[in-house]
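To start, the structure itself, in structure tokens.
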Amino acid sequence: MLETPSLFRYDSLAIPDVNELVFGKAPRPVKCGFGLEIGAGMVFPEVNFTLPPIGISEETWPEILHEYEEMATNIVRRAVAMKVPGVVLEFELLPAMTEKPEWGAEVTTLLRRHLAAAYDQHKMLSALRVTPTDIRDQGKPPLLREGEPCDRLLRSFELTIAAGADIISVESIGGKEVHDRALMMGDMDAIVFALGVLCPADMRWLWKRIVRMCAQSGHAVPGGDSACGFANTAMQLAHQKMLPEVLAAVVRAMSAVRSLAAFEEGAVGPSKDCAYEGPVIKAITGTPISMEGKSAACAHFSPIGNIAEAMCDLWSNESVQNVRLLSGSAPEAFTEMLAYDCRLMNVASERGQALALRDCLTASDEWLSPQAAVLSPAATIAISRAIVAEKDDYRRTVAAGHTAVAIIRDGVAGNGLALSKKELQWLNRIEAALDALPATGDELEAALGEEYHGLFRPASYGR
Amino acid sequence: MLETPSLFRYDSLAIPDVNELVFGKAPRPVKCGFGLEIGAGMVFPEVNFTLPPIGISEETWPEILHEYEEMATNIVRRAVAMKVPGVVLEFELLPAMTEKPEWGAEVTTLLRRHLAAAYDQHKMLSALRVTPTDIRDQGKPPLLREGEPCDRLLRSFELTIAAGADIISVESIGGKEVHDRALMMGDMDAIVFALGVLCPADMRWLWKRIVRMCAQSGHAVPGGDSACGFANTAMQLAHQKMLPEVLAAVVRAMSAVRSLAAFEEGAVGPSKDCAYEGPVIKAITGTPISMEGKSAACAHFSPIGNIAEAMCDLWSNESVQNVRLLSGSAPEAFTEMLAYDCRLMNVASERGQALALRDCLTASDEWLSPQAAVLSPAATIAISRAIVAEKDDYRRTVAAGHTAVAIIRDGVAGNGLALSKKELQWLNRIEAALDALPATGDELEAALGEEYHGLFRPASYGR
Amino acid sequence: MTELKKLYDAIVAGDAKTSLAITKEALAENVTPGELVANYMIPAMDEVGKRFECEDYFVPELLLSGRAMKAALGILRPLLAASGAQPAGRVIIGTVKGDLHDIGKNLVAAMLEGAGFEVTDLGTDVSPEKFVEAVSERKANIVCLSALLTVTMPAMRTTLDALRSAGVRSDVKVMIGGAPVTEQYAREIGADSYSENASAAVATARRLVGEAAHA
Amino acid sequence: MTELKKLYDAIVAGDAKTSLAITKEALAENVTPGELVANYMIPAMDEVGKRFECEDYFVPELLLSGRAMKAALGILRPLLAASGAQPAGRVIIGTVKGDLHDIGKNLVAAMLEGAGFEVTDLGTDVSPEKFVEAVSERKANIVCLSALLTVTMPAMRTTLDALRSAGVRSDVKVMIGGAPVTEQYAREIGADSYSENASAAVATARRLVGEAAHA
Ligand code: B12
Ligand code: B12
Ligand code: SF4
Ligand code: SF4
Ligand SMILES: [Zn+2]
Ligand SMILES: [Zn+2]
Ligand SMILES: [Zn+2]
């Protein structure tokens with residue numbers, strides 16, 4: 001089924017002034033859940049949590065519910081004790097809970113019950129984000145717009161919304177079948193094709209549906225998607241010294257285009273925590289964003305621990321297992337840490353020091369890694385401008401890539417960003433590849449190496 | 001053996017100006033380890049780590065060494081990757097490693113080797129703090145100045161210094177046998193007797209010896225002691241709603257007197273991380289201090305996560321077990337988190353924003369808990385002044401208690417500090433008890449309830 | 001009758017003097033020890049426990065009430081024993097080998113006493129052998145092990161092993177606790193139960209005694 | 001001889017065309033396949049592995065070298081097989097049931113191939129039965145299991161159980177890996193080994209084959 005392309009495209013920035021791009025404040029705040037308003041001046045913790053090692057089956061299901069009960073109890077208790085002005089809980093379904101959508105819905109109900117009780121008893125403002133797993137990548141090549149996994153994914157949105165999800169997100173995987181290979185081969189052509197052509201096509205198809213389901217529910221808001229499977233995979237690989245950092249940085253900037261597509265289809269935020277492309281989304285659309293940084297060291301290391309905080313509206317720990325630490329459970333401990341970080345930001349805002357804190361957070365990471373360099377408020381504005389200046393997703397992606405290269409070059413030239421010889425060679429190689437790209441995505445597709453064509457189904461992208 | 005009382009007593013503040021009392025800067029910086037200078041402008045992470053559940057015996061010893069190898073490798077790797085300007089590792093011996101001092105020394109050697117390698121290969125500046133366990137509390141009543149446990153403790157200092165410890169600390173327990181009972185009974189007389197009479201007597205005896213051993217070594221510095229077994233026990237009990245918070249706050253302030261005694265005997269800092277009395281020590285003596293707060297949520301929850309950071313020179317995570325998180329090992333994850341916090345403070349200092357950040361950190365906790373209220377820079381100066389205005393430890397302790405009560409009352413009256421009726425009743429009760437105290441410690445001892453006299457040996461305190 | 005309600009009040013208020021005085025008066029007036037305990041003292045301690053749960057009482061209040069209860073019990077116990085009445089159960093408690101933390105353990109002990117258990121506290125750093133010895137000597141129903149250090153948790157297992165080797169494991173229920181201890185760990189080492197805190201420990205102890213009675 | 005050094009260089013440089021061309025030339029000049037593999041190709045891949053270790057190469061360079069090696073091996077393998085030469089070992093690899101992460105697993109597979117192992121990649125979300133089937137079909141020496149989710153780690157145990165029930169457990173060595181997996185977990189479920197990363201996996205695979213030979 002081919003779709004009419006959506007018509008709305010951002011062509012200017014909701015936040016053109018870099019000094020308006022700061023944590024806690026978004027031009028289009030989001031109200032949801034139990035009295036929460038996100039982006040209206042305050043930053044709230046977004047607590048993420050997951051199961052310790054345990055198989056998911058009918059047999060273990062009661063035990064699994066018990067784990068979620070325990071996590072919810074501990075997190076809510078700590079949030080209340082910390083007197084947070086509000087909190088978001090994110091429930092990321094595990095694959096088996098999307099395969100069987102009723103399971104995901106059951107946990108949603110359970111978590112929502114805890115938030116309702118905290119609202120009743122302690123007036124604690126809160127919202128529940130639910131993120132079904134994109135399980136459509138099972139076939140090789142994957143079938144994205146039909147088939148059993150696709151049906152279950154859509155059903156999972158439906159059931160979790162019905163069970164009380166306040167914010168809906170997903171980390172969708174369209175385009176990943178090509179991007180994974182391309183990334184490992186360091187092949188810029190194929191990377192750009194995946195990010196600029198395939199990804200947005202799937203995003204627009206999927207998010208049209210999510211937005212519709214949320215609208216019908218009357219209570220759920222479509223939060224946003226994450227380029228996690230793309231840009232965070234690259235970041236992890238760079239962390240493990242498997243890919244150059246400059247490649248990860250350029251992929252990060254380019255990935256914003258595919259995530260933006262969700263917002264052009266009607267997503268309203270808060271964007272997903274692991275979507276480090278969030279600041280670009282915020283600058284362009286004005287929606288509040290969730291970010292994670294040092295507070296997510298439980299889930300992954302990163303060179304962007306402070307700078308990631310600079311423009312956030314929710315502050316997350318990405319994911320932590322329900323294991324025991326000396327103080328108590330890990331989800332409870334991370335709730336406390338996030339709450340303290342948020343307290344600091346909110347007090348800075350109250351005292352008129354938000355920009356000063358934002359700039360310290362930024363400066364502390366900015367020139368220590370190319371991946372940090374593309375995340376500063378200034379870089380965000382530059383990348384955002386480059387994106388909205390172009391009309392189609394492919395050209396936006398290329399433009400974002402060029403801008404990222406330029407930012408990194410500036411950093412090396414004038415700001416003491418130190419790159420190894422190897423990294424510099426890669427930067428040249430990336431730039432040369434970007435320069436050599438054809439004018440349209442179709443031309444690029446035609447020129448693509450044979451090995452990539454077998455990896456994806458054109459029909460999955462309406463091509 | 002009675003000792004001549006030491007003569008030196010602080011009678012003024014090294015930092016009389018509240019605006020000079022800020023993180024990273026101490027009038028008397030400490031040089032130690034591999035090129036590290038603490039308190040000279042920058043804040044460094046102090047990483048703490050400990051074993052996962054495992055018995056300590058001849059049999060498990062090789063496995064235990066393997067754990068420490070792994071922890072050291074991971075921590076150092078992360079510190080290098082984060083490009084920290086310097087780092088302190090703290091090795092807190094477990095009781096069995098002090099019982100058998102050779103074990104503690106062996107781990108010291110191991111850790112020191114990792115720091116030496118990082119210095120050689122990466123020019124990473126560092127120091128190793130070693131903290132033997134005060135194992136003298138085995139007898140009932142405990143024998144503090146002689147006997148097997150005392151000998152082993154002293155031997156543990158000797159051997160770990162010889163093995164390369166750069167900074168020596170201890171969490172000494174003299175006075176605890178009385179304080180524990182007094183705390184649980186909420187008995188102010190006995191609390192003051194423990195903190196103001198017994199504790200300082202043991203501290204002076206013990207620290208005279210530690211200072212001498214360090215001086216003889218030519219390389220180790222006597223770091224300082226922690227009132228952990230007193231004030232942090234109270235904090236934990238308040239956290240569990242077993243004791244009123246106001247009692248914990250008053251005990252905190254009073255406990256500074258006993259910890260100060262180490263410095264009057266020659267300790268030079270950096271003080272111990274869990275000694276939240278650190279700011280008072282810094283204000284009075286000018287030595288750099290280690291603190292822990294939100295970053296120590298892995299080890300204990302607390303109402304002072306941000307305010308604890310305001311004046312630190314080292315920033316610690318207190319203790320985390322070598323368990324696996326999604327990102328990697330927990331000690332490695334906490335190394336990253338501490339490093340980001342330090343980056344922020346150091347950049348703020350560079351940009352002339354240190355005081356602004358300090359004040360945001362302070363304001364974000366200050367009036368949310370009486371325990372935070374007594375930890376602000378202003379409260380620190382007030383408590384410090386009250387202490388140095390008195391000549392003997394007993395009167396200093398009473399003065400610190402009065403000042404804490406006054407600070408809390410001010411908070412309630414003018415700063416929105418909310419106390420429950422129960423807490424207010426306790427505050428009155430505490431104040432009344434302080435008011436009714438006799439003029440000297442000896443009089444207090446004579447008036448003490450019978451139940452306390454059997455708990456301690458006067459000879460252990462030279463009484 | 002008004003007199004006796006004052007016994008309840010004295011215990012709740014933690015007033016040992018009054019509690020002792022009223023108990024003596026009541027005995028002189030021929031009120032039975034059983035009635036005093038069942039109708040006034042246990043309900044008083046239950047009320048204290050409730051206030052503690054609701055965060056209306058802190059530990060000091062709790063301990064003072066415990067003392068008031070103990071003062072009264074001091075004169076009642078010999079009479080009760082003579083009349084053949086039994087305590088709620090006999091508990092051995094201690095912190096395991098290598099571990100000196102005792103604040104939590106002391107609280108558990110105090111709460112159990114308050115609930116009418118006969119508690120023998122072996123202190124801290126207690127070797128497996130000492131636990132075994134005490135079980136046999138005291139004819140205990142329940143053994144409570146406390147550990148605050150992860151490196152001393154394994155001593156809980158060793159203690160259980162020692163109880164087994166000594167052939168007394170089936171005579172007692174074993175309850176464990178302390179900050180690093182978990183439900184799962186209790187299962188792993190074959191203890192009968194775990195409790196998170198002192199009030200939960202009382203409820204569990206009651207359940208364990210019940211189970212033992214029906215076993 | 002200079003010609004052959006170029007084969008080494010081509011593989012190190014990841015130049016598949018040249019590597020193929022030189023291999024053909026060499027065969028035409030009657031150099032034995034065994035010599036090409038042992039003296040030029042394996043050393044070249046070892047050098048590549050070293051550069052990767054020293055962070056001088058990233059994965060793309062590594063994979064290109066692997067391709068250059070594979071291109072040459074493509075024409076050598078039939079000849080080697082005819083001469084009775086054996087691969088370093090036969091490996092079955094896959095991501096366990098319920099888990100779709102494959103980047104790490106793919107790297108391990110590529111490195112093992114580079115080191116001369118014959119690798120059968122079963123892909124992701126592989127059921128225990130499929131592993132069992134492949135082991136019997138391929139006469140594998142080593143089974144490699146990957147898992148990135150803690151909730152799919154238990155599928156490693158299930159797979160080992162299936163190998164046992166099928167009676168083929170003793171025919172193969174089992175190596176496991178993936179971010180959440182640990183040495184201790186390997187021991188717990190009775191796998192033969194764990195490796196932290198792809199280079200370590202190669203070293204371990206060599207050791208396991210050696211052990212199997214001596215067993
Ligand atoms: C007070 C304290 C001390 C005091 C002890 C005073 C005393 N007389 O007990 C002092 C300062 C002496 C001390 C020393 C040490 N300590 Co200490 N200590 C603490 C602290 C701050 C509070 C413990 C406490 O009393 N809590 C209050 C009580 C009421 O709670 P609780 O003990 O958990 O008990 C409750 C429940 O657990 C339960 N419970 C307890 N026992 C039982 C038993 C049964 C049967 C049941 C059913 C229930 C139950 O009911 C209780 C009431 O609700 C904790 C921090 C913490 N977060 O717990 C560290 C802590 C326990 N100590 C720690 C360490 C490392 C040490 C030392 C090794 C430090 C050192 N290197 O020198 C030494 C070891 C001494 C030794 N040989 O045992 C670590 C332990 C790490 C670990 N898990 O391995 C902790 C967790 C601190 C930390 N975050 O790192 N400590
Ligand atoms: C990329 C990625 C994805 C991609 C996968 C792309 C792909 N084709 O594989 C996408 C986006 C699709 C994805 C999806 C999901 N993911 Co994911 N993902 C990651 C991420 C960021 C990187 C993994 C990676 O490729 N690393 C790079 C490779 C090279 O490293 P590696 O896999 O560790 O492999 C090395 C070693 O482990 C070892 N090794 C690996 N396998 C083997 C096997 C053997 C035999 C040996 C010896 C060695 C070995 O060698 C390799 C090379 O050195 C990690 C984060 C992280 N920190 O790891 C999360 C992570 C693994 N994902 C996670 C989650 C929760 C999910 C989802 C459930 C999310 C969701 N709720 O929708 C889904 C599940 C999908 C499914 N059914 O499996 C969690 C797992 C939590 C947990 N442990 O349970 C992680 C840890 C993220 C986090 N911090 O929360 N993910
Ligand atoms: S960053 Fe980590 S967790 Fe977040 S979604 Fe990506 S893999 Fe999944
Ligand atoms: S605060 Fe915690 S860890 Fe630090 S010393 Fe005290 S108990 Fe020991
Ligand atoms: Zn995520
Ligand atoms: Zn301490
Ligand atoms: Zn410590």
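Every value quoted in this text rests on a predicted model; they were computed, and no experiment measured them.
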With heavy-atom distances below 4.5 Å as the criterion, would you say the side chains of Arg351(A) and Cys360(B) are in contact?
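Yes - at least one pair of side-chain heavy atoms lies under 4.5 Å apart.
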
Min side-chain heavy-atom separation Pro45(B)-Val84(B) under 4.5 Å
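Heavy-atom side-chain distance check passes, below 4.5 Å.
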
Has [X] got a side-chain atom pairing as donor or acceptor with [Y]'s backbone, closer than 3.5 angstrom?
X	Y	value
Glu423(B)	Glu245(B)	yes
Ser327(B)	Cys298(A)	yes
Tyr276(A)	Glu292(A)	yes
Asn232(B)	Cys274(B)	yes
Ser376(A)	Ala372(A)	no
Asp273(B)	Ser290(B)	no
Tyr340(B)	Lys294(A)	no

Under a 4.5 Å cutoff for heavy-atom pairs, which residue among [options] has the most contacts with chain A?
options	value
Leu344(B), Leu325(B), Leu357(B), Val320(B)	Leu344(B)
Gln353(B), Glu350(B), Met82(B)	Gln353(B)
Arg78(B), Gln321(B), His239(B)	Arg78(B)

Would you name the heavy atoms of [X] and [Y] that are closest together and state the gap between them?
X	Y	result
Ile56(A)	Ala96(A)	CG2-CB, 3.8 Å
Glu318(B)	Ala299(B)	CG-CB, 3.1 Å
Gly55(B)	Ile64(B)	O-CD1, 3.8 Å
Leu375(A)	Thr380(A)	O-OG1, 3.8 Å

Within residues 329-338 of chain A, which positions have a heavy-atom distance to chain B below 4.5 Å?
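Checking residues 329-338 of chain A against chain B gives Glu332(A), Ala333(A), Phe334(A), Glu336(A), Met337(A).
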
Chain B-proximal positions within residues 307-317 of chain A [heavy-atom distance under 4.5 Å]
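Listed by number: none.
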
Identify which of Ala297(A), Ser295(A), Gly293(A) forms the greatest number of heavy-atom pairs closer than 4.5 Å to chain B.
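Of Ala297(A), Ser295(A), Gly293(A), Ala297(A) has the most heavy-atom pairs under 4.5 Å with chain B.
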
Top contributor to chain B interface from Thr50(A), Ile304(A), Val323(A) [non-hydrogen pairs under 4.5 Å]:
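Top count of heavy-atom pairs under 4.5 Å with chain B: Ile304(A).
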
More than 12 heavy atoms of other residues, nucleotides or ligands under 6.0 Å from NZ of Lys241(A): yes or no?
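At most 12 heavy atoms, drawn from other residues, nucleotides or ligands, come within 6.0 Å of this atom.
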
Let me see the working for Glu171(B) and Thr131(B) under side-chain hydrogen bond (donor to acceptor under 3.5 Å, both in side chains), right down to the final yes or no.
CA-CA 8 Å; Glu171(B) 312 190 338; Thr131(B) 305; over 6 Å; no

Determine which residues belonging to residues 361-370 of chain B lie within contact range of chain A, meaning some heavy atom pair is under 4.5 Å apart, and list them by number or answer 'none'.
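Interface residues of residues 361-370 of chain B: Leu361(B), Ala363(B), Ser364(B), Asp365(B), Leu368(B).
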
Is it the backbone or the side chain of Asn346(A) that comes under 4.5 Å from a heavy atom of chain B, or both, or neither?
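Neither part; nothing is under 4.5 Å.
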
For Phe91(A), what residues pass the ring-ring contact (aromatic ring centres under 6.0 Å, His included) criterion, not counting sequence neighbours?
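Tyr68(A).
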
